[in-house]
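Worth knowing before you read on, the calculation uses all heavy atoms, side chains too, and leaves out hydrogens, waters and symmetry mates.
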Amino acid sequence: PILWQMTMKRLALGTRTVLMDLRSFSREHQGCMWELEQLLRDVSLKRVILLLDETTDLQFLEARLREVWRRLPPIRSTTAKAMGISDYFR
């Protein structure tokens, strides 16, 4: 892994809350998909806050999140279901 990726994972796992700025997220600006996938995979979603605004392509974001969610290991999906989160990612 690259140093910035290891650093991002360490910070996300070691902090109380993760704030991710997804303003302007769209097909043209989706460079943070690796980070989003790591959050979905490794961090309790109760600790994740996504910052959105009118420049966020919500339909595209939801489609990408669903795509990542489907690839997660079953154990992660079970944990999320227990937390009531999987209802959103059907």
Side-chain angles (χ1 to χ4, degrees):
I2 300 173
L3 181 60
W4 72 265
Q5 292 172 326
M6 292 180 352
T7 302
M8 178 271 167
K9 283 183 141 185
R10 187 174 305 131
L11 288 170
L13 292 171
T15 190
R16 185 177 294 172
T17 304
V18 177
L19 173 65
M20 186 161 189
D21 186 350
L22 294 176
R23 293 175 294 178
S24 298
F25 183 85
S26 65
R27 291 182 195 285
E28 296 79 26
H29 299 101
Q30 58 174 313
C32 59
M33 281 308 303
W34 183 87
E35 292 90 338
L36 269 174
E37 184 166 347
Q38 302 312 302
L39 291 179
L40 287 175
R41 179 182 311 277
D42 298 329
V43 177
S44 169
L45 298 182
K46 291 180 179 180
R47 297 182 13 220
V48 176
I49 299 171
L50 302 178
L51 182 60
L52 313 172
D53 70 4
E54 66 279 351
T55 64
T56 306
D57 184 337
L58 295 177
Q59 288 182 318
F60 183 67
L61 174 60
E62 182 176 354
R64 294 303 310 267
L65 289 173
R66 286 177 186 271
E67 181 182 311
V68 169
W69 193 257
R70 281 189 220 102
R71 292 193 313 258
L72 290 180
I75 187 78
R76 182 65 174 136
S77 296
T78 302
T79 302
K81 188 172 188 176
M83 294 174 14
I85 294 169
S86 60
D87 292 337
Y88 181 77
F89 294 107
R90 275 189 247 163

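For the atom pair CD of Glu35 and NZ of Lys9, the computed distance is 11.5 Å after rounding to the nearest 0.5 Å. Remark: Leu65 CG to Arg70 CZ distance equals 11.0 Å, nearest 0.5 Å. Atom CG of Leu50 is separated from atom CG of Leu61 by 7.0 Å, given to the nearest 0.5 angstrom. Annotation: the span from Glu28 atom CD to Asp57 atom CG amounts to 8.0 Å, rounded to 0.5 Å. Atoms CD and CD, from Glu62 and Glu67 in turn, are 12.5 Å apart once rounded to the nearest 0.5 Å.
Within a 6.0 Å sphere centred on CZ of Arg10, other residues, nucleotides and ligands contribute 12 heavy atoms or fewer.
Between Leu36 and Val68, every side-chain heavy-atom pair lies at or beyond the 4.5 Å cut-off. By the 4.5 Å heavy-atom criterion applied to side chains, Leu39 and Val18 are counted as neighbours. Contact check for Ser24 versus Thr56: no side-chain heavy atoms found under the 4.5 Å cut-off. Two residues are said to be in side-chain contact when any heavy atoms from C-beta on lie closer than 4.5 Å; Met8 and Leu3 fail this criterion.
Distance alone, capped at 3.5 Å, places no donor-acceptor pair between the Arg47 side chain and the Leu19 backbone. Gln5 contributes a side-chain N or O that, together with a main-chain N or O of Ile2, makes up a donor-acceptor pair within less than 3.5 Å.
Among pairs with a residue in residues 31-63, those fulfilling ring-ring contact (aromatic ring centres under 6.0 Å, His included) read Trp4-Trp34, Phe25-Phe60, at least two apart in sequence or across chains. Residue pairs meeting the side-chain hydrogen bond (donor to acceptor under 3.5 Å, both in side chains) criterion with at least one member in residues 14-23, sequence neighbours excluded: Asp21-Arg23.
Cluster membership for Leu13 and Met20, using ILVMFWY side-chain heavy atoms within less than 4.5 angstrom, is shared. Hydrophobic clustering, with ILVMFWY side chains joined whenever heavy atoms are under 4.5 angstrom apart, groups Met33 together with Leu52. Leu58 and Ile49 fall into different hydrophobic clusters, where Ile, Leu, Val, Met, Phe, Trp and Tyr are joined by side-chain heavy atoms under 4.5 Å apart, directly or via other members.
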